[in-house]
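Proteins come first, then strands; the chains are lettered A, B, ... in the order of their sequence lines, and each starts at number 1. Because the structure is a prediction, the values reported are computed rather than measured.
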Amino acid sequence: MGTIQALRGTRDILPEEVVYWQRVESVARDILGRAAYQEIRTPIFEETGLFERGIGEATDVVGKEMYTFLDKGERSVTLRPEGTAGVVRAAIEHGLYAQGGVQRLWYTGPMFRYERPGAGRQRQFHQIGVEVLGSPEPRADAEVIAIATDILQTLGLKNLHLDINSLGNRDDRLTYRQALVDYLTPYKAELDPDSQDRLSRNPLRILDSKDKRTQEIAENSPSILQYLGPDSKRHFEQVQQFLSDLGISYQVNPRLVRGLDYYTHTAFEVISDDGELGSQATVCGGGRYDGLLAELGGPDTPSVGWAIGLERLIILLQKLQSPPKFGLDFYVVSRGEKAEAQALLLTQKLRRAGFSLDLDLSGSAFKKQFARADKSGAVACLILGDEEAENQTVKLKWMATKEQQALSQIDLLAKTDELRRQIDSNCHHT
RNA sequence: GCGGGCGUAGCCAAGUGGUUAAGGCAGUGGAUUGUGAUUCCACCAUCCGGGGGUUCAAGUCCCCUCGUUCGCCCCA
């Protein structure tokens, strides 16, 4: 068009959609607040090395999806591709772990990954996430899952399921990895090309290949669960027990592996069964990352967390609910120089008194202004014309009944309590 | 990064080589300068995402490009 438009993979969230975002944020804020989680805000860009060390250089996220550039001081900086690394960095930097046992934190904001955009996948996308630092206990795993479940449920989402798995500790994983490679190597030629490549690079990921033949082969592969040591096994069993106690249904999916290197023990995903999201059906993903703080130079601090993909969540929400309505108290109609001036004043005064008012600024004919008043959804209409301006009065018209009364502007402002009651009783919006 | 679909006004959308690019919704102005509906009238794309090419002639064919969408990869 010759005009500038939003970059590929970025988009504007227009007022109509923003109401959903606000709803998600307020539900999450409320639930997290009651669970004693504190909000943390970290920078949107960080030193590149943080992500290389934290997420893992072998991962696709780090290897090919980061927005990395040199700033004017020749530092390599990266737009954060996820939230955990920054939160952990901040926790170490400020010694948050030292302030007694367990730190419960949450965050929200934009993340950046250079990848092919699609439905529910943007280059700039948004997450809300939690991190519980300092508890090795399975109860912590269960708590964060329960909170995620609560948020999604409160928002009214349906047709979601929870998959969980355990990746064990470092040793468990190494042993298993070898066993898996041993099993798969004889089939190498039959695997799809991607998986052949992954055999040496990241064999666990072969387990959730979409290729049919690869799936058949993976079907009979050894399960990670058979390779968990006694402690890992016990941890995983306890997490499951707690989830059952909490009434949260889940399924164990031994093929669930996550693409970020820092995960240990519990890994989980909340997945939508609706078709809306296509192949990007994971709404929430997370797990335990016991080694990450130490990896980044902090003290040994077992931790667990998750992130919800907001774009995906909101796609589901929009299919489910009509947008929340903004309840307007008054629509102000005025015509004539004096009346328009008085209307402006009266409007401001009523706004200060706590009412919501839309002042028609078009200057068009009364008929048009009334038509707009009708569409605005306002409970009542305030009308000022030459006559009212002359007498310092105003007409109050109830939209639902079309009843109309004249009263002095002073009276109107004097009886705001009564007005409030009348509006509330006339109010059909929720 | 790879493979397929799509791209006409704010939105939906007809049009498939031939004069001035249907229609609907929304919007704007008006039907004797003050009342929400309906109706009526007028206006609302010098242009079909952008660029190039083929042709006497292109929104309609070809190429490139941008965007979008589906699948793969990966992830939330």
Using the side-chain hydrogen bond (donor to acceptor under 3.5 Å, both in side chains) criterion, which residues pair with [X]? Sequence neighbours excluded.
X: A:Asp386; value: none
X: A:Ser376; value: none
X: A:Lys188; value: none
X: A:Arg170; value: none

> Watson-Crick or G-U wobble partner for B:rC74, using a 3.5 Å limit on both distances?
Replying inline: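 With both distances under 3.5 Å required, B:rC74 matches none.
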> Mind checking who B:rG15 pairs with, Watson-Crick or G-U wobble, both distances under 3.5 Å?
Replying inline: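 Pairing partner, where one exists within any strand: B:rU8.
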>> Quick check: any donor-acceptor pair below 3.5 Å linking the side-chain of A:Arg121 to the base of B:rC74?
In response: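 Per atom types, the contact qualifies.
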> Do the side chain of A:Glu115 and the base of B:rA76 come within less than 3.5 angstrom through a donor-acceptor pair of N or O atoms?
Replying inline: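 A donor-acceptor contact between them is present.
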In whole Å, what is the span from the [atom1] atom of [X] to the [atom2] atom of [N]?
X: A:Lys64; N: B:rC74; atom1: NZ; atom2: C1'; value: 7 Å
X: A:Glu57; N: B:rC74; atom1: CD; atom2: P; value: 19 Å
X: A:Glu65; N: B:rG1; atom1: CD; atom2: P; value: 12 Å
X: A:Asp211; N: B:rG3; atom1: CG; atom2: C1'; value: 15 Å
X: A:Glu17; N: B:rG10; atom1: CD; atom2: C1'; value: 17 Å
X: A:Lys212; N: B:rC72; atom1: NZ; atom2: C1'; value: 17 Å

> Listed by chain and number, what are the ring-ring contact (aromatic ring centres under 6.0 Å, His included) partners of A:Tyr187, not counting sequence neighbours?
Replying inline: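 Applying ring-ring contact (aromatic ring centres under 6.0 Å, His included) to A:Tyr187 gives A:Tyr183.
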> For A:Phe366, which residues count as a ring-ring contact (aromatic ring centres under 6.0 Å, His included) partner, sequence neighbours excluded?
Replying inline: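 Residues passing ring-ring contact (aromatic ring centres under 6.0 Å, His included) with A:Phe366: none at all.
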> Do A:Glu216 and A:Arg213 meet the salt-bridge criterion of a basic N to acidic O distance under 4.0 Å?
Replying inline: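 Yes, this pair counts.
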>> Could you check whether A:Arg89 pairs with A:Glu47 (Lys NZ or Arg NE/NH1/NH2 to Asp/Glu carboxylate O, under 4.0 Å)?
In response: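 Answer for the salt bridge query: no.
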>> Between A:Glu390 and A:Lys338, does the salt bridge (Lys or Arg N to Asp or Glu O under 4.0 Å) criterion hold? Intermediate values first, please.
In response: CA-CA 8 Å; A:Glu390 212 52 54; A:Lys338 262 179 103 172; 3.7 Å; yes
Distances under 3.5 Å between nitrogen or oxygen atoms of protein and nucleotides 4-6 of chain B:
none

> In whole Å, what separates the C1' atom of B:rG3 from that of B:rC61?
Replying inline: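 Looking at atom C1' only, B:rG3 and B:rC61 are 24 Å apart.
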>> I'd like the C1' distance from B:rC74 over to B:rG15, given in whole Å.
In response: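 Rounded to whole Å, the distance is 41 Å.
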> According to the ring pair (Phe, Tyr, Trp, His ring centres under 6.0 Å) rule, which pairs have a member within residues 275-296 of chain A, sequence neighbours left out?
Replying inline: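 Applying ring pair (Phe, Tyr, Trp, His ring centres under 6.0 Å) to every pair that reaches into residues 275-296 of chain A, excluding sequence neighbours, yields A:Tyr262-A:Tyr289.
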> Start at the 5' end of RNA chain B and walk down; is the nucleotide closest to A:Arg198 or to A:Leu7 reached first?
Replying inline: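 That would be A:Leu7.
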>> Please compare A:Arg205 and A:Thr10 by the position of their nearest nucleotide in RNA chain B and report the one closer to 5'.
In response: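 Final value for this comparison: A:Thr10.
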>> With the threshold set at under 4.0 Å for non-hydrogen atoms, list the residues of residues 123-135 of chain A touching RNA chain B in residue-number order.
In response: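 By residue number: A:Phe125, A:Gln127.
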> Contacts to RNA chain B from residues 142-162 of chain A, heavy-atom cutoff under 4.0 Å, which residues?
Replying inline: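 Heavy-atom contacts with RNA chain B come from no residue of residues 142-162 of chain A; none.
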>> Each nucleotide in nucleotides 29-45 of chain B should get exactly one letter: B, S or -. Can you fill that in based on protein heavy atoms under 4.0 Å?
In response: S---SBBB---------
Would you be so kind as to tabulate the donor-acceptor pairs closer than 3.5 Å made by side chains of residues 395-402 of chain A, with sequence neighbours excluded?
unit_1: A:Lys395; atom_1: NZ; unit_2: A:Glu388; atom_2: OE2; d: 3.0
unit_1: A:Thr401; atom_1: OG1; unit_2: A:Glu403; atom_2: N; d: 3.2

> What do the steps show when you test A:Gln342 against A:Ser334 for side-chain hydrogen bond (donor to acceptor under 3.5 Å, both in side chains), and what is the final call?
Replying inline: CA-CA 9 Å; A:Gln342 288 184 17; A:Ser334 61; over 6 Å; no
> According to the interplanar angle, ranging from 0 to 90°, do the rings of A:Tyr114 and A:Tyr67 count as parallel (below 30°), tilted (30 to 60°) or perpendicular (above 60°)?
Replying inline: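 If you compare the ring of A:Tyr114 with that of A:Tyr67, the planes turn out perpendicular.
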> With a 4.5 Å limit on heavy-atom distance, are the side chains of A:Thr214 and A:Leu191 in contact?
Replying inline: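 Yes; the side chains approach each other to less than 4.5 Å.
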